[in-house]
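The model shown is predicted, which means the values in this text are computed figures rather than measured ones. Computed from heavy atoms alone, side chains included, the values below leave out hydrogens, waters and symmetry copies.
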Amino acid sequence: MSNYIKSELYRFFCGKRMYRLFGVVLGLIIAMVLVLAYFGHEPGFSYDTVSFALGNVYNSVNYLLLVVLFLAAFLDDNESKQHTKKHSVAYGISRTKIFFSRFLSQGLICLGFYITFNLVLVVLSYLFLENDHAGAIETLIRTSIGAFPLFLAALATAHCFIMNIENVVTAEGFSIGVILILPSILNMLGMKVEFIKKISYWFPYNLATPFLNDDSVLSLTWNTSRGMLNCYIAGILFMVFFLLLGRYMFEEKEIK
């Protein structure tokens, strides 16, 4: 499996598209910090702070889950047309090894992206913005720990459909349906039915969405030990379910 993972990583790093994406996102992060620093000289502008810059990450994890879905499709690079899976199976590599190796390699790439971009954001924020000592870096670290299983759940969901549906747009549609649309529908139904409300709570998107606590203060699920545990329970269950489902479908799939 390690050799197949290495081959997948080699395929990713040899493609120019990934470096273009990396450059675009890095440029946007740099531009955001510099814009905040520039307008910080204006009277009444109170957003040139470290906590505001880092808050764009830890208050937007629910949207980052959707970014993971996009990144999974981007890393797949419409592989069905390149027939890599077909050649791998013909070479004698088991479908299980192909399926899980591709998931692990994409997970490593996504983790590398996340760590790199956050490190750049933290360094630039402390260099150019006002340090308001609001515990932003601690919140970012706790968010990264709490959101990690939710990111894996989103990646596993996308991987399940992308590996088994040749049209990547259709596969992304199913992924968005599971991660975003289904919990949104359950949220609306949960306003009327308490049982559905309890079910909708366990969806990764809802766990990652900031909410107002009893004191009407914006809070995050992983701010408490119980909430952190719930993120890991839900994330691991979603990841395992869609990996097993995807692996089963891939075993039965006719590879053309």
Peer 1: Could you state whether Leu26 and Leu119 fall into the same hydrophobic cluster, counting links through intermediate Ile, Leu, Val, Met, Phe, Trp or Tyr residues with side-chain heavy atoms under 4.5 angstrom apart?
Peer 2: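 In one cluster with Leu26: Leu119, yes.
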
Peer 1: Where is the tightest heavy-atom contact between Ile165 and Phe174, given as atom of each residue plus distance?
Peer 2: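 The answer is CD1-CD1, 3.6 Å.
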
Peer 1: How about OH on Tyr10, more than 12 heavy atoms from neighbouring residues, nucleotides or ligands closer than 6.0 Å, or not?
Peer 2: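 Check fails, neighbour count at 12 or below.
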
Peer 1: In the single-linkage hydrophobic clustering (I, L, V, M, F, W, Y; side-chain heavy atoms under 4.5 Å), do Leu28 and Val35 co-cluster?
Peer 2: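 As far as the 4.5 Å side-chain criterion goes, Val35 and Leu28 are not connected within one cluster.
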
Peer 1: Could you check whether the rings of Tyr63 and Tyr205 sit parallel, tilted or perpendicular, using 30° and 60° as the cut-offs?
Peer 2: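 Judged by the thresholds at 30° and 60°, the geometry between Tyr63 and Tyr205 is perpendicular.
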
Peer 1: Please answer whether the main-chain N or O of Ala53 pairs with a side-chain N or O of Tyr47 as donor and acceptor at a distance below 3.5 Å.
Peer 2: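 Side chain of Tyr47 to backbone of Ala53: no pair is present.
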
Peer 1: Does the ring center of Tyr232 lie less than 6.0 Å from the ring center of Phe148?
Peer 2: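 So the answer is no for these two rings.
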
Peer 1: Atom NE2 in His159, atom CG in Leu104: separation rounded to 0.5 Å?
Peer 2: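 Spacing of NE2 (His159) from CG (Leu104) equals 8.5 Å.
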
Peer 1: Kindly compute the distance separating OG (Ser184) from CG (Leu189), expressed to the nearest 0.5 Å.
Peer 2: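 If we round to the nearest 0.5 Å, Ser184:OG and Leu189:CG are 11.0 Å apart.
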
Peer 1: Does anything in residues 234-244 form a side-chain hydrogen bond (donor to acceptor under 3.5 Å, both in side chains)? List the pairs, not counting sequence neighbours.
Peer 2: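 Listed by first then second residue: nothing to list.
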
Peer 1: Do other residues, nucleotides or ligands put more than 12 heavy atoms under 6.0 Å from the CZ atom of Phe12?
Peer 2: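 Yes - once you tally the heavy atoms of other residues, nucleotides and ligands closer than 6.0 Å, there are more than 12.
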
Peer 1: Show your reasoning for whether side chain to side chain contact (heavy atoms under 4.5 Å, CB included) applies to Phe113 and Val25.
Peer 2: CA-CA 10 Å; Phe113 272 33; Val25 177; over 6 Å; no

Peer 1: Would you confirm whether Asp76, through its side chain, and Ala72, through its main-chain N or O, come within 3.5 Å as a donor-acceptor pair?
Peer 2: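 Such a contact is absent between Asp76 side chain and Ala72 backbone.
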
Peer 1: Evaluate Tyr201 against Asn230 for side chain to side chain contact (heavy atoms under 4.5 Å, CB included), listing each step before the verdict.
Peer 2: CA-CA 10 Å; Tyr201 166 83; Asn230 290 346; 2.9 Å; yes

Peer 1: Using atom types as modelled and distance alone, determine if a side-chain donor or acceptor of Thr221 lies under 3.5 Å from a backbone N or O of Leu207.
Peer 2: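 A pair under 3.5 Å: yes.
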
Peer 1: Roughly how far apart are Met188 CE and Ile196 CD1, rounded to 0.5 Å?
Peer 2: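 The distance works out to 11.0 Å.
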
Peer 1: Should we say atom CZ of Phe45 is surrounded by more than 12 heavy atoms from elsewhere, each under 6.0 Å from it?
Peer 2: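 Yes.
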
Peer 1: Which residue pairs satisfy the side-chain hydrogen bond (donor to acceptor under 3.5 Å, both in side chains) criterion with at least one member in residues 233-242, sequence neighbours excluded?
Peer 2: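 Passing the test, one end in residues 233-242: no pairs.
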
Peer 1: I'd like to know if Ile30 and Val24 are part of one continuous hydrophobic network [Ile/Leu/Val/Met/Phe/Trp/Tyr, side-chain heavy atoms within less than 4.5 Å].
Peer 2: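 Shared cluster, no.
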
Peer 1: Sort and list the pairs that fulfil side-chain hydrogen bond (donor to acceptor under 3.5 Å, both in side chains) and have at least one residue in residues 108-129, not counting sequence neighbours.
Peer 2: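 Those involving residues 108-129 are Tyr114-Ser144.
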
Peer 1: Has the side chain of Arg142 got a donor or acceptor atom that lies under 3.5 Å from a matching backbone atom of Trp222?
Peer 2: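 It does hold such a pair.
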
Peer 1: When you compare the side chain of Phe242 with that of Phe161, does any pair of heavy atoms fall below 4.5 Å?
Peer 2: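 In short, these two side chains touch, coming nearer than 4.5 Å.
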
Peer 1: Please report the C-alpha distance between Met18 and Ile109 in whole Å, then the side-chain angles of each, then the deciding distance to 0.1 Å, and finally whether the side chain to side chain contact (heavy atoms under 4.5 Å, CB included) criterion is met.
Peer 2: CA-CA 10 Å; Met18 191 179 75; Ile109 294 292; 4.1 Å; yes

Peer 1: Locate the shortest heavy-atom distance separating Val178 from Pro183; write the atom from each residue and the value.
Peer 2: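 Val178 and Pro183 have their closest heavy atoms at O-CD, 3.3 Å.
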
Peer 1: What distance do Ile5 atom CD1 and Ser105 atom OG have between them, rounded to the nearest 0.5 Å?
Peer 2: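 So the CD1 of Ile5 and the OG of Ser105 are separated by 6.5 Å.
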
Peer 1: Report yes or no: do Val61 and Phe70 belong to one cluster of Ile/Leu/Val/Met/Phe/Trp/Tyr joined by side chain heavy-atom distances under 4.5 Å?
Peer 2: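 Yes, Val61 and Phe70 fall within the same hydrophobic cluster.
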
Peer 1: Of all heavy-atom pairs between Met249 and Cys160, which one has the smallest distance, and what is that distance?
Peer 2: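 Closest heavy-atom pair between Met249 and Cys160: SD-SG, 4.3 Å.
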
Peer 1: Within a radius of less than 6.0 Å around OH of Tyr38, do more than 12 heavy atoms belonging to other residues, nucleotides or ligands occur?
Peer 2: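 It does not: Tyr38 OH has 12 such atoms or fewer within range.
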
Peer 1: Can a donor-acceptor pair be found, under 3.5 Å and without considering hydrogens, that links the side chain of Asp48 to the backbone of Leu129?
Peer 2: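 Not confirmed, Asp48 side chain does not pair with Leu129 backbone.
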
Peer 1: Would you kindly confirm whether Met191 and Phe211 end up in one hydrophobic cluster when ILVMFWY residues are joined by side chain heavy atoms under 4.5 Å apart?
Peer 2: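 Shared cluster, no.
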
Peer 1: Give, for atom CG of Leu155 and atom CD1 of Ile162, the distance between the pair rounded to the nearest 0.5 Å.
Peer 2: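 Answer for the CG-CD1 pair, Leu155 versus Ile162, is 8.5 Å.
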
Peer 1: Which heavy atom of Val33 sits nearest to which heavy atom of Phe128, and what is that distance?
Peer 2: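 Val33 and Phe128 have their closest heavy atoms at CG1-CB, 4.1 Å.
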
Peer 1: Can you name the closest pair of heavy atoms from Leu65 and Leu150 and give their distance?
Peer 2: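 Heavy atoms only, the tightest pair is CD2-O, 3.5 Å.
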
Peer 1: Check the pair Leu69, Ile176 against side chain to side chain contact (heavy atoms under 4.5 Å, CB included), reporting the backbone distance first and the verdict last.
Peer 2: CA-CA 8 Å; Leu69 302 183; Ile176 293 173; 4.0 Å; yes

Peer 1: Measuring from Asn164:CG to Phe250:CZ, what's the distance to the nearest 0.5 Å?
Peer 2: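 Asn164 CG to Phe250 CZ: 7.0 Å, rounded to 0.5 Å.
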
Peer 1: Find out whether Asn59 and Leu220 are in side-chain contact, i.e. whether some heavy atom of one side chain is under 4.5 Å from a heavy atom of the other.
Peer 2: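 Asn59 reaches Leu220 side chain to side chain.
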
